[in-house]
Amino acid sequence: MSNYIMPANRYLPNTNDVPYNAPDNDIHKALASAGLVDISFYFCQRPWRRLYACPGFDDQWNNFLPTIKVGTGQASALSQATDELRFFCDGSAYRNPADTHPLDPLASRCWALKTPDVRLYGWFAEINVFVVHSIGNANTSHGKRGHQKVTSTVRIITAYRGSLPEAAQKHVTGSTLRNVFTNRIR
Amino acid sequence: MFLRIESDKFELGYARFLRRIKLAIQETFEEQKNEGVSQSSIAAELDVDRSVVSKRLSGSGNVTLRTISDLFIAMGREPLENFSPNDENVNINITVINNNNQFIDGFRSNTTGSYYMPPTQRNSILVSTSDSLLHSFPPGPSIISAEIVQSCVTTSE
């Protein structure tokens, strides 16, 4: 077995232990009551940034992600995504100016975390708090057909976000990295 | 919710290795931009399309030692000059006094904790252990006070 299954709350610490980078209590409550799950602790025991997953994301992660075909010499899709989210959560990714490529602000205030072969689509509920909605294959997101696919994904995400209770619909409206990360160098 | 996480140390190690190479490539490219290097000039040097260079700079596409080496040389540098082998995890314990409930580089309100410090951050924090936090973190819009009252560094993993 090259991988294992871990419940989301396995590393949930006592809230007294990690008060420093917890998301705003209101947005945390709003997202949790809307059925979204804080999955930051899957990837990092002391997350600097937080990740929430929409219902059904685990199905895509467990069943669709491993089927994504990767380029020659690239790590497996599962490794790419695991690695990406680990460095996202611990705060070291997207900090340097040279790091600009992996994150694209998409239309409708949706964003994509990018690895060479995987796209993780979602939105920022607040600064440092990313809600991951769906997974895409980077290799089919180029060209006219790819553009249509991404557009359709964005439409689905926007519709889903719009269907959430009002408090959980809150999201970052800026489109620069400074709008979504507090530890950006510039 | 259950997620199947990659835990194979070789698979994860390889993904991390590629990430660091990608970062070294991107940092080199940023530095060499000042010397007049551009995606077009690299494409001309390598005799490939500019879109290929764009892909390689972002770590996408087919990756081989040859493509990595060629990219560095086309940028006028030796391969992996920027590659740091000592990228260990470092945690720092600090206490932040922030009376204004504003975010200071990720910290909200009065907080104490330990967090992972990326290598690029370390110097700025370590030199400021007995100084005001405002000197080491970018100041927020309306911070009243912020200081590190305790600081120590531990290594983990």
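Here is the naming used below: chain letters follow the sequence lines, and residue numbers restart at 1 for every chain.
Residue B:Lys9: no heavy atom, backbone or side chain, is found under 4.5 Å from chain A. Heavy atoms of A:Asp117 lying under 4.5 Å from chain B are absent altogether. Heavy atoms closer than 4.5 Å to chain A are found in both the backbone and the side chain of B:Arg16. For A:Ala138, no part lies under 4.5 angstrom from a heavy atom of chain B.
In terms of hydrophobic clustering, with Ile, Leu, Val, Met, Phe, Trp and Tyr side chains grouped at heavy-atom distances under 4.5 Å, B:Met75 and B:Val63 are assigned to a common cluster. Residue B:Leu12 is not grouped with residue B:Ile21 when hydrophobic side chains (ILVMFWY) are merged at heavy-atom distances under 4.5 angstrom, including chains of intermediate members. In the hydrophobic cluster analysis, where Ile, Leu, Val, Met, Phe, Trp and Tyr join through side-chain heavy atoms closer than 4.5 angstrom, A:Phe64 is grouped together with A:Leu78. Hydrophobic clustering (ILVMFWY, side-chain heavy atoms < 4.5 Å, transitive): A:Leu85 and A:Ile68 are in one cluster. Clustering ILVMFWY residues whenever any of their side-chain heavy atoms sit less than 4.5 angstrom apart, transitively, puts A:Tyr121 in the very cluster that holds A:Leu31.
Among the candidates A:Glu84, A:Gln74, A:Gln80, the residue making the largest number of heavy-atom pairs closer than 4.5 Å to chain B is A:Gln74. Each of A:Ser79, A:Ala81, A:Ala75 has some count of heavy-atom pairs under 4.5 Å with chain B, and the biggest count is that of A:Ser79.
For B:Asp47, the CG atom sits in a loose shell: 12 or fewer heavy atoms of surrounding residues, nucleotides or ligands are nearer than 6.0 Å.
Atoms CG and CZ, from B:Leu3 and A:Phe43 in turn, are 5.5 Å apart once rounded to the nearest 0.5 Å.
Closest approach of A:Pro116 and B:Gly59 over heavy atoms only: CG-O, 3.3 Å.
Here the side chain of B:Asn62 pairs no donor or acceptor atom with the backbone of A:Gly71 at under 3.5 angstrom. Proximity of a side-chain donor or acceptor of B:Tyr14 to a complementary backbone N or O of A:Gly73 within less than 3.5 Å is detected.
Side-chain atoms of B:Phe17 and A:Asp83, non-hydrogen and from C-beta on, never get closer than 4.5 Å to each other.
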